[in-house]
2 protein chains.
Amino acid sequence: MSLKHTLLGFLNYGPQTGYDLKKHMDNSTQFLWHARLSQIYPALKRMEEDAWVESTAAPQEGKPDKKFYMITDKGRRALIEWLDQFPGEIAPDKKPELLRVFFAGALDKENILTHLRHQVALHRTQLQKYQTEAQSYIAEIVIQTGLERESVFWELTRQFGEEYERMYIAWLEQAIQTTQDKL
Amino acid sequence: MSLKHTLLGFLNYGPQTGYDLKKHMDNSTQFLWHARLSQIYPALKRMEEDAWVESTAAPQEGKPDKKFYMITDKGRRALIEWLDQFPGEIAPDKKPELLRVFFAGALDKENILTHLRHQVALHRTQLQKYQTEAQSYIAEIVIQTGLERESVFWELTRQFGEEYERMYIAWLEQAIQTTQDKL
DNA sequence: CCTAGCATGTAACCAGTTACATGATTCA
DNA sequence: TGAATCATGTAACTGGTTACATGCTAGG
């Protein structure tokens, strides 16, 4: 299970609240791992029971107390152990959009083409996001935190997103061509 | 939920047992959608309750009766309805291996390079599979079933796998270079 | 006035994994 | 002799989503 390890990864940069962690996930690991607050809060609680993290409460007016979580040595060891695992084989993940293409033969030609063109538009938008928002967000965080070494890998995963979207768009264009020619 | 729709997609090609469906998933949609038998059997049961499928039992000696499932008109409508959905935005999926790269800064340089090289090997193997096994499997099924129109899309998703692995390998090689230069 | 953001959480439910149960046949 | 394939399932558990609950502040 990787949610706990994602939280450890972020807490390794410094103490944060559950709410902060959610925002960081939304802004950076969104396309690698994501979770709702309703899952994050109980996860942090269990991590504290396992002594991976410690919490301190900061009272506030008109809002619930802020609860800052800090990674422990045990937590840091758990993070390193997880990072240092070698997968024996590639884990298949679920791609509902491609599953629709796999079974697309049940739809008529024009409808399939409309769907493929719709996908192209979505992926062009996503490519733009990786090239603009994602890039400037990383730059901003590096200025705020000074985590230069870490940012090398943030930037690499951002580039993966960019290359993935380029590949996806090129493949969709090929798929449109093939559908026009062969159906 | 897409498991039920995957099963409908395959049942739309002809009546099959739960066991057959599992094998087809393992051989074709494995990297788009997959499930265990312990999930497939109850799913088929619920689909029968919803009148998406109908079953007939074929007695056998020394084994449990084979249970052939057949798609109904209602099931076919549910399949088309699902295929014809336009997603409003791209759904993020979980990529544990890339998450490890994102947090790789916590490991030392040589160890990171070892992990990246290990990934290259895994993805080269996967690329080979898409180019050989996957391709000949599709050809075989087309001969057996004559589903030529459908095979256009099976082949397109196979090509996606191929392009994805090429992109992944090229990115990993770039990541190795960057790690060597910047760390 | 209403929506978004801040800040915490619980409860019910659905999806998916792991382990268990049965039992015959074939192949290395 | 032991593993793999065929063929069905159930039970317990874990992971993740949806809905609910509270309540203040700032901005359009």
Side-chain angles (χ1 to χ4, degrees), chain A residues 1-8 10 15-27 29-50 53 55-69 82 87 89 91-96 99, chain B residues 1-8 10 15-27 29-50 53 55-69 82 87 89 91-96 99:
Chain A
M1 210 272 293
S2 300
L3 171 60
K4 291 180 183 179
H5 297 100
T6 306
L7 296 174
L8 283 180
F10 282 116
Q16 290 163 81
T17 67
Y19 196 86
D20 293 336
L21 288 161
K22 166 67 170 158
K23 284 204 300 180
H24 284 132
M25 286 176 83
D26 286 351
N27 284 315
T29 62
Q30 179 67 185
F31 285 84
L32 307 182
W33 206 277
H34 58 98
R36 314 271 164 142
L37 281 168
S38 60
Q39 199 188 357
I40 292 170
Y41 288 124
L44 287 167
K45 204 175 170 183
R46 266 172 283 131
M47 287 163 74
E48 190 164 24
E49 283 161 20
D50 295 343
V53 296
S55 70
T56 47
Q60 293 194 122
E61 282 168 39
K63 292 177 196 176
D65 289 2
K66 266 194 185 183
K67 230 168 136 180
F68 281 94
Y69 284 92
W82 172 75
E89 48 186 17
D93 54 332
K94 295 172 178 180
K95 301 187 169 87
L99 193 62
Chain B
M1 212 269 296
S2 300
L3 171 59
K4 293 182 182 179
H5 297 99
T6 307
L7 297 173
L8 282 180
F10 282 115
Q16 291 163 79
T17 66
Y19 195 86
D20 294 337
L21 288 160
K22 164 69 172 160
K23 283 204 301 182
H24 284 132
M25 284 176 83
D26 286 350
N27 285 315
T29 61
Q30 179 67 189
F31 285 85
L32 306 181
W33 205 274
H34 59 97
R36 316 271 163 137
L37 281 168
S38 60
Q39 200 189 355
I40 292 169
Y41 288 124
L44 287 167
K45 204 174 168 183
R46 267 172 284 133
M47 286 162 75
E48 191 164 24
E49 285 162 18
D50 294 344
V53 296
S55 70
T56 48
Q60 292 193 125
E61 284 169 36
K63 291 177 196 173
D65 289 3
K66 266 193 183 182
K67 229 167 136 179
F68 282 94
Y69 285 93
W82 172 75
E89 48 185 20
D93 52 333
K94 292 169 180 185
K95 302 188 168 86
L99 194 60

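Worth knowing before you read on, the calculation uses all heavy atoms, side chains too, and leaves out hydrogens, waters and symmetry mates. Numbered from 1 within each chain, the chains take letters A, B, ... in sequence-line order.
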remark   = One should read off an interatomic distance between B/Phe68 CZ and B/Gln16 CD, to the nearest 0.5 angstrom, of 9.0 Å
ask   = Looking at D/dT5, D/dG9, C/dG5, which one has an atom nearest to any side-chain atom of A/Tyr19?
value = C/dG5
task = Give the rounded distance in Å between these two atoms: CD of A/Gln60 and P of C/dT8.
result = 8 Å
query = Just how far, in rounded Å, is C1' of D/dG9 from NZ of B/Lys67?
reply = 9 Å
task = Starting from P on C/dA7, measure out to CD1 on A/Ile40 and report it in whole angstrom.
result = 14 Å
remark   = A/Lys66 has its side chain closest, among C/dA7, D/dG16, C/dG16, to C/dA7
Report, one pair per line, the protein and nucleotides 17-19 of chain D atoms (nitrogen or oxygen only) whose separation is under 3.5 Å.
| unit_1 | atom_1 | unit_2 | atom_2 | d |
| --- | --- | --- | --- | --- |
| D/dT18 | OP2 | A/Arg36 | NH1 | 3.2 |
| D/dT18 | OP2 | A/Arg36 | NH2 | 3.2 |
| D/dT18 | O4 | A/Ser38 | OG | 2.8 |

ask   = Roughly how far apart are B/Ile40 CD1 and B/Met47 CE, rounded to 0.5 Å?
value = 10.5 Å
note = A/Met1 atom CE is separated from C/dG16 atom P, nearest whole Å, by 17 Å
Rounded interatomic separation in angstrom, taking CG from A/Leu37 and P from C/dG9 = 10 Å
note = Closest to the side chain of B/Leu3, out of C/dG9, D/dG16, C/dG16, is C/dG16
query = Hey, does A/Lys22 reach any base, or is it just sugar-phosphate, or nothing, if we go heavy atoms under 4.0 Å?
reply = nothing
key: Atom pair distance, as rounded to whole Å: CG in B/Leu44 and P in D/dT8   = 9 Å
task = Look up atom NE2 in B/His34 and atom NZ in B/Lys22, then write down how far apart they are to the nearest 0.5 Å.
result = 8.5 Å
Euclidean distance, A/His5 NE2 relative to B/Leu99 CG, rounded to 0.5 Å = 10.0 Å
message = If you define the side chain from C-beta out and look only at heavy atoms, does anything of B/Val53 sit under 4.5 Å from B/Leu7?
response = no
message = Expressed as a whole number of angstroms, how long is the span from B/Leu7:CG to C/dG16:C1'?
response = 14 Å
note = dist B/Ser55:OG -> B/Tyr69:OH (nearest 0.5 Å) comes out at 5.0 Å
ask   = Within this structure, what is the NZ-to-P distance between B/Lys45 and C/dA15, rounded to whole angstrom?
value = 16 Å
request  = With sequence neighbours left out, write down each residue that passes salt bridge (Lys or Arg N to Asp or Glu O under 4.0 Å) with A/Lys4, or none if nothing qualifies.
outcome  = none
note = Testing C/dA15, C/dG9, D/dG16 for proximity to the side chain of B/Arg46, the answer is C/dA15
message = Looking at C/dC6, I'd like to know if its phosphate oxygens (OP1 or OP2) sit under 4.0 Å from a side-chain N or O belonging to A/Lys23.
response = yes
